[in-house]
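Position 1 is the first residue of the sequence; numbering continues from there.
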Amino acid sequence: MGTVGTLAMGQLRRAPWHTAAVSVVLGMLISLVVVFGVVGDAQVRGLSGALASNDADLWVLATGAQGALSASRVDPELLGTVAAIEGVAGVEPVGEVRVGVRIDGGGLLDASLWGIDPASSAAPPVTEGSVPGARGEAIVDGADRHLGAVPGARVDLVDVSLPLRIVGLTEGRRFASIPTITIPYARWVEVVDGLNPDSDDVFPTAFAVEIDAAADSSEVADAISVAAPMLVAAPPGQLAAELPGIDGLRSSFGTAALVALVAVAAVGAAFTRLQVEQDLRVLSTLRAIGASPRVLRRIYQVRVALFVLLGAAVAAVLIGLAQLLSPPQIPITFEARTLAAVTFATWVAAALAAGRGLRGLRRLDPADVLRAPA
């Protein structure tokens with residue numbers, strides 16, 4: 001560390017309680033902004049994770065659904081039409097339906113029941129346990145462990161006598177912010193048929209399409225619409241972003257995070273400016289005994305940067321504690337990039353405020369500083 005850094009560190013060490021108090025306040029404010037952003041992302045993942053994180057190249061929905069997955073019903077006879085399109089390497093049916101469930105005899109819960117064959121590109125990856133092989137086996141999202149949704153648990157469907165057994169867990173694949181259960185597609189057809197005994201046919205919600213490595217996904221999507229005008233194809237991430245309510249949720253949390261960021265930057269700038277005003281006489285005294293104004297400004301700016309870095313360290317600790325204590329359905333994860341961005345914005349605001357305040361060094365006469373007060 002150079003002379004400037006050493007002098008700045010010395011100033012911080014001379015007032016340890018002051019340094020600690022400022023760092024804690026900055027850390028709390030920085031962590032608040034980061035947590036706002038992280039919770040917003042978690043809420044969006046809880047609403048759309050089953051689509052947003054899906055590994056299929058394209059999803060095909062009915063045009064009349066207008067992006068609403070629950071409104072989509074795709075004629076299974078069109079499966080062959082889609083499979084015959086150039087560039088399509090594979091296509092599998094996908095089903096989704098809302099059901100009432102009890103997990104291990106617990107309370108009644110609303111759940112999103114998905115029918116996806118384990119070999120399909122749309123199947124969620126298993127992070128714990130095993131892939132559902134038998135018709136009565138299922139996997140659930142790990143965010144619902146607190147509800148008893150763990151491997152070995154029994155899931156009873158309220159309106160149909162077709163029990164399921166959880167054999168595996170996945171992560172980040174919830175849908176509609178409710179427990180999300182995935183079973184083989186054939187079993188899903190049985191469940192839907194049992195829920196609607198008067199219906200003649202069970203239509204899948206969508207087709208999951210895997211395209212050739214050399215094919216262009218947009219061209220394949222256009223070809224699907226041409227071959228079957230009643231269908232629309234899009235990447236699952238795009239469909240997830242267009243789900244009802246997603247834009248409003250993103251906007252709400254984004255606005256809250258932005259307001260919090262502006263507040264943090266303003267508080268940091270105001271505090272720094274106040275500190276400069278308090279320290280201006282000391283800095284002017286140092287200037288009077290020979291210290292260069294340029295060096296004094298550099299020392300003070302390094303001091304400001306150290307304060308912000310200490311605040312970021314405190315924020316990292318607070319976010320880590322929040323991660324440990326957060327509920328499974330709204331997990332808080334430590335995101336270094338978000339923390340770095342908020343820290344940088346806070347430092348920029350504080351540095352600009354310090355620079356503006358330090359201009360007063362040029363206006364003070366060193367002789368006036370050394371002259372004894374009347």
Out of curiosity, [X] [atom1] to [Y] [atom2], how far, rounded to the nearest 0.5 Å?
{"X": "E77", "Y": "D201", "atom1": "CD", "atom2": "CG", "value": "8.0 Å"}
{"X": "T346", "Y": "L29", "atom1": "OG1", "atom2": "CG", "value": "8.0 Å"}
{"X": "I181", "Y": "I139", "atom1": "CD1", "atom2": "CD1", "value": "11.0 Å"}
{"X": "L147", "Y": "I178", "atom1": "CG", "atom2": "CD1", "value": "11.5 Å"}
{"X": "L352", "Y": "W347", "atom1": "CG", "atom2": "CH2", "value": "8.0 Å"}
{"X": "L231", "Y": "S225", "atom1": "CG", "atom2": "OG", "value": "7.5 Å"}

Contact between [X] and [Y] at the side-chain level, heavy atoms closer than 4.5 Å - yes or no?
{"X": "V158", "Y": "L108", "answer": "yes"}
{"X": "T343", "Y": "V308", "answer": "yes"}
{"X": "W114", "Y": "W188", "answer": "no"}
{"X": "P93", "Y": "P76", "answer": "no"}
{"X": "V97", "Y": "V99", "answer": "yes"}
{"X": "L113", "Y": "L164", "answer": "yes"}
{"X": "V220", "Y": "V88", "answer": "yes"}
{"X": "V150", "Y": "I166", "answer": "no"}

For [X] versus [Y], what's the shortest heavy-atom pair and its separation?
{"X": "P184", "Y": "A134", "result": "CG-O, 3.8 Å"}
{"X": "G27", "Y": "A315", "result": "O-CB, 3.4 Å"}
{"X": "L58", "Y": "S217", "result": "CD1-O, 3.8 Å"}
{"X": "A153", "Y": "I103", "result": "CB-CG2, 4.2 Å"}
{"X": "I319", "Y": "S31", "result": "CG1-CB, 4.0 Å"}
{"X": "V314", "Y": "V24", "result": "CG1-CA, 4.1 Å"}

Is there a side chain to side chain contact (heavy atoms under 4.5 Å, CB included) between L339 and I30? Walk through the geometry before answering. CA-CA 8 Å; L339 177 59; I30 291 172; 3.6 Å; yes
For W59 and F207, I'd like to know if the aromatic rings sit close, meaning centre-to-centre distance below 6.0 Å. no
Output yes when a side-chain donor or acceptor of [X] lies under 3.5 Å from a complementary backbone atom of [Y], and no otherwise.
{"X": "D117", "Y": "Y185", "answer": "yes"}
{"X": "D104", "Y": "R154", "answer": "yes"}
{"X": "T180", "Y": "F175", "answer": "yes"}
{"X": "E137", "Y": "G133", "answer": "yes"}
{"X": "D193", "Y": "V202", "answer": "no"}
{"X": "D212", "Y": "A215", "answer": "no"}
{"X": "D55", "Y": "A122", "answer": "no"}
{"X": "N54", "Y": "A56", "answer": "yes"}
{"X": "D156", "Y": "P163", "answer": "no"}
{"X": "S72", "Y": "A62", "answer": "yes"}

Residues that E171 engages under salt bridge (charged side-chain N to carboxylate O under 4.0 Å, His left out), provided they are two or more places apart: none
Taken in chain and number order and not counting sequence neighbours, the residues that satisfy salt bridge (charged side-chain N to carboxylate O under 4.0 Å, His left out) with R187 are E190
Set out, in order, the CA-CA distance, both residues' side-chain angles and the distance that settles side chain to side chain contact (heavy atoms under 4.5 Å, CB included) for R73 and T205, then state yes or no. CA-CA 5 Å; R73 294 294 181 270; T205 303; 4.2 Å; yes
So for atom CZ, which belongs to R98, do other residues, nucleotides or ligands contribute more than 12 heavy atoms lying within a distance under 6.0 Å? yes
Working for side chain to side chain contact (heavy atoms under 4.5 Å, CB included), residues L169 and D141: CA-CA 5 Å; L169 300 178; D141 194 278; over 6 Å; no
Hydrogens and angles aside, do E96 and S70 bring a side-chain donor and acceptor to less than 3.5 Å of each other? no
